[in-house]
Asker: 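Provided herewith is a single structure, encoded as structure tokens, for subsequent inquiry.
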Amino acid sequence: MKQYVFSFYTVQGKTIVWEEAITASGMMEAFSKAQQLLIKHKREKGVPIRVKYKGVCYRHTDIA
């Protein structure tokens, strides 16, 4: 599994930036999860929010 990192930020008034690491098996799954988070954050904050893809982190799993 990979962790896809996205930056979420507001564009109105005071700019607020935060990052989310989304665990997914592929890029399409990560983007759809990011879209769901974007909708959720828009409802909670009540302001327009933008999202930007930052990169991939590989999660180390111990199989022992």
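Predicted model only: the values in this text are computed from it and were never measured. Quick note: numbers below take in every heavy atom, side chains included, and nothing from hydrogens, waters or symmetry partners. Positions are given from 1, in the same order as the sequence printed here.
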Asker: Side-chain heavy atoms under 4.5 Å apart, restricted to Ile/Leu/Val/Met/Phe/Trp/Tyr: what other residues fall into the cluster of Val11, or is it alone?
Answerer: Tyr9, Val17

Asker: How far does CH2 of Trp18 sit from OG1 of Thr10, to the nearest 0.5 angstrom?
Answerer: 6.5 Å

Asker: What's the verdict on side-chain contact (heavy atoms from CB on, under 4.5 Å) for Cys57 and Val5, showing C-alpha distance, side-chain angles and the deciding distance?
Answerer: CA-CA 7 Å; Cys57 294; Val5 181; 4.0 Å; yes

Asker: What residue pairs, at least two apart or across chains, pass salt bridge (Lys or Arg N to Asp or Glu O under 4.0 Å) with a residue in residues 17-26?
Answerer: Glu19-Lys54

Asker: Just list the side-chain donor-acceptor pairs under 3.5 Å for residues 24-48, sequence neighbours left out, or say none.
Answerer:
unit_1 : atom_1 : unit_2 : atom_2 : d
Ser25  : OG     : Glu29  : OE1    : 2.7
Glu29  : OE1    : Ser25  : N      : 3.0
Glu29  : OE2    : Lys33  : NZ     : 3.3
Ser32  : OG     : Met28  : O      : 3.3
Ser32  : OG     : Glu29  : O      : 2.9
Lys33  : NZ     : Thr23  : O      : 2.9

